[in-house]
Protein chains: 4
Amino acid sequence: MARRSSDPARVREKILKLAMEEFARTGFDGARVDRIAERSKVSKNMLYYYFKSKEGLFVAALERMYEEVRDQQRELSVRAHDPILAMKQLVEHTFQALESNPNAIRLMNEENKQRGRFLRKSKRIRDLYNPLVETISFILERGRVEGVFRPGLDSAVVYMTLSSLCYHYLSNRYTLEIALGKDLASAASRKAWVEHVGNIVLLYCTAEVPSTTAAKTAVMRQRATSDADA
Amino acid sequence: MARRSSDPARVREKILKLAMEEFARTGFDGARVDRIAERSKVSKNMLYYYFKSKEGLFVAALERMYEEVRDQQRELSVRAHDPILAMKQLVEHTFQALESNPNAIRLMNEENKQRGRFLRKSKRIRDLYNPLVETISFILERGRVEGVFRPGLDSAVVYMTLSSLCYHYLSNRYTLEIALGKDLASAASRKAWVEHVGNIVLLYCTAEVPSTTAAKTAVMRQRATSDADA
Amino acid sequence: MARRSSDPARVREKILKLAMEEFARTGFDGARVDRIAERSKVSKNMLYYYFKSKEGLFVAALERMYEEVRDQQRELSVRAHDPILAMKQLVEHTFQALESNPNAIRLMNEENKQRGRFLRKSKRIRDLYNPLVETISFILERGRVEGVFRPGLDSAVVYMTLSSLCYHYLSNRYTLEIALGKDLASAASRKAWVEHVGNIVLLYCTAEVPSTTAAKTAVMRQRATSDADA
Amino acid sequence: MARRSSDPARVREKILKLAMEEFARTGFDGARVDRIAERSKVSKNMLYYYFKSKEGLFVAALERMYEEVRDQQRELSVRAHDPILAMKQLVEHTFQALESNPNAIRLMNEENKQRGRFLRKSKRIRDLYNPLVETISFILERGRVEGVFRPGLDSAVVYMTLSSLCYHYLSNRYTLEIALGKDLASAASRKAWVEHVGNIVLLYCTAEVPSTTAAKTAVMRQRATSDADA
DNA sequence: CATGAATGAGTGTTCATTCAT
DNA sequence: CATGAATGAACACTCATTCAT
């Protein structure tokens, strides 16, 4: 009913959404406050009223992004299945999450480019634990108990391994294509890579444990197929 | 006959060097033409005379960076040794090369952020083949012949695997540290990761080939040690 | 029936106090309405409710300042003593009043800078008579009757003389220090100046009246001492 | 012949002139860079090209003003005449200089309001000696030798006395008019004040020296006339 | 009386780029 | 080849003021 736009929380939200897009698309330096204001149909000063500065807006956008990622990973937890399947699904899910969230990748890259300077300003982000590592721990433990994974595996190492392989493919697509002369955007190419990542992670988790022969063989059979596609 | 001003090629070189630094440090949008001019002690007009525009300068800097990377990889070719050792050395060398060349990482990230927009403008870069993939092919072939690596391995996949794992650790250090709550900058941490990458790549190359037992066992022994460190 | 919020008059007062400070410190243009609101812990709207505009607030602050100055001068009236002593005390008091009231100086300067534009808007200020001039009249008259001051002295001229000499020393301290290369902030320097002003005013009031020899000699004795200090 | 405006020095000069006006009229905070740029018909960036910042421009304007004042006082030195006449002329000249230079007064006031913060930034200003004090020294010395002035006079005190009395009349005209209910702008009023200042300064210089009776009597005769006018 | 949210014109400053010499 | 001076659009940010509740 009011002439002025209704709900402050809604306005904040709209600004934040558009800010995430702008910052992801152009980086912190490339982002234009004017553009964010214009697109969110809010006058520039409101933007400063809510977020105090361009930096403040960026930090808020980062925080929101981290929350979204965490929530997404929380709801899609794959604790149910058998360890090997669970791990494969986890890889797939991680890849898909990153793929469907290009803004997250770009914001993280931006943050790394700035040497974590914005991260350091946000208590909220530091307190956002990553449920993925926990999920991995859970799967690793079950696998160990069931005798398909070897003992002594570090969930952090597994996390870094699979996320590096997923993230880099998506993040560095253009320079990889130059280096390899291949198209990485095709569905086939992506599918093959996800399978490759799953294989390699499982290989690492099952390696050298004698009784895993059956599992490993299954894994390798899949890999053989997918590698041929790539 | 010679003028006192240092010859044009040298000037170009100096500009390029400072431009690489500036672009790597601050990204394309954050980079300031004035700063590059000032630091290279060349008037701004010279900069435009040689490179036509900020974009032109960025492309030239990218080209130069790719050449340097290629040359570095060429001279350190590890074709000599036995396949398993060669692969391990290749991983180490790749990591070290990236680590000692943070500008290269940042420029590549920048280029990916811009969706390859500058890359596309440079014929020279597209023509720059990457000797690393060739080296990997060579090692894989020798490994296959010697019976330590399984057949059917794709050098591109191996390349992507090892470079993802090395690159991501260095490039995304800050967000990884947030996600894991660990310090990735320590020498111990880096060493453990390089060994982990070596292990995982070798695991992939030797997997499921029955006769590789000896090789695999050797690999795993090392891994056991390094994993304990991490 | 009473609301918990402190009564309007008190709020007005608080705002006014903080406004005087802000306007004195930074001038009209430098003053920030937000800052005044924040410091007086009153919402900006209240400020506009009470004073209508930034100008209105400034005028109110000016008025209040003039009232304070007048009240201060009223309560410290020195009508009691013998004329020469009274005049000396008046000078001292004037200097001290200005010195302890730097805001008054700055607000007056601001007002003069604006060519009296705000003064003209305030009937109240125009109606505020200055008791100082009256006091001077009183002292001059008594001095004339007692034969120590010469006749025909204009209280306005005496007022302007002594206030110029006191005011300027305090108001233009920084540029005077540049011009003279001296420190005017020291206690010794200030004391010497006040004595000098007293001497000069008395010299003017007693000049050339033959029978004043005694008074003049006394004055000069003091001057000799204080001039030596300066 | 050139399309772009001819002489850099001329451009700088034009900017400076307009800047002095703007700063004098509105003070530092009230001054608008845009306005200065527009009036001097120079694009805003040129202004920053030459003076680096609004502050830089203000400091430059202050410097220029001090130079002008010094030059003006230098050329009009009154060292020639007999001491009493010389002093009277000096007072008149000082008053006229300030009166014809309202920008100087306003810039000095501004500088004092800012507590000398700009002055401190300028080595040039600190090095600009004030020839006025020297002239006063000269006159005082001659007066002492001729026996019309008493010995032990401090040129700095005389300088402060006369400049306070001249400056304040002009600088604080509006608040003085309020305090006194008089018009200070009229020619008669100004003339009377200048004579008063002359009288008072001479009184101070000649006071209590027995043999000066003649001189003093002359002075007082003039004063009697002028005081009647006021 | 009192408040949080909103406005829009402006505020000092910077940028990549070009011109005349 | 080389330079100092110039451009103009943009940039992040701020201000006094007002509206709806």
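Reckoned from all heavy atoms, side chains included, excluding hydrogens, waters and symmetry mates. Every chain is numbered from 1 and lettered A, B, ... according to where its sequence line falls, protein lines coming before strand lines.
For dA2(E), neither phosphate oxygen OP1 nor OP2 lies less than 4.0 angstrom from any side-chain nitrogen or oxygen of Ser43(C). Here Arg32(A) reaches the OP1 or OP2 of dA12(F): one of its side-chain N or O atoms lies under 4.0 Å away.
For the pair Phe28(C) and Val42(D), nearest-nucleotide mapping onto DNA chain F gives the more 5' position to Val42(D). Nearer the 5' end of DNA chain E, as judged by each residue's closest nucleotide, is the contact made by Lys54(D), out of Lys54(D) and Lys54(B).
Comparing dA5(F), dC1(F), dA5(E) by their closest approach to the side chain of Tyr49(B) singles out dC1(F).
The nearest whole Å value for the distance from the CG atom in Leu47(A) to the P atom in dC11(F) is 14 Å. Computed from coordinates, the Asp34(A) CG to dT11(E) P distance equals 17 Å when rounded to whole Å. Going from atom CZ of Arg10(A) over to atom P of dA6(E) covers 13 Å, rounded to whole Å. One can place CD of Glu38(D) at 13 Å from C1' of dG10(E), the figure rounded to the nearest angstrom. At whole-Å resolution of the value, CZ in Phe51(A) and P in dA12(F) are 16 Å apart. In this structure, Asn45(D) atom CG and dA10(F) atom P are separated by 14 Å, rounded to whole Å. Here dC19(E) presents its C1' atom at 14 Å from OH of Tyr48(B), a figure rounded to the nearest Å. We find that CE of Met46(B) is positioned 14 Å from P of dT18(E), with the value rounded to whole Å.
Tyr50(B) comes within contact range of the sugar-phosphate backbone alone, with a heavy-atom separation under 4.0 Å but no base atom that close. Residue Ala31(C) is classed as a sugar-phosphate contact, given heavy-atom separations below 4.0 Å to backbone atoms only.
Remark: dA6(E) base-pairs with dT17(F). Criterion, Watson-Crick or G-U wobble with two distances under 3.5 Å. Base pairing annotation: dC1(F) forms no Watson-Crick or G-U wobble pair, as no partner gives both donor-acceptor distances under 3.5 Å.
Scanning atom types as modelled, one donor and one acceptor separated by under 3.5 angstrom connect the side chain of Lys44(D) and the base of dT13(E).
Put simply, the side chain of Leu119(D) reaches to within 4.5 Å of the side chain of Tyr66(D), judged on heavy atoms. Considering only heavy atoms from C-beta on, Phe23(A) comes within 4.5 Å of Leu57(A) through its side chain. Inter-residue side-chain proximity for Arg32(D) and Lys54(D) is flagged as met; some heavy-atom pair is nearer than 4.5 Å.
Put simply, the side chain of Asn112(D) gets close to the backbone of Thr175(C): a donor and an acceptor are under 3.5 Å apart.
Of all non-hydrogen atoms in Ala24(C) and Arg106(C), the two that sit nearest each other are O-CD, 3.1 Å.
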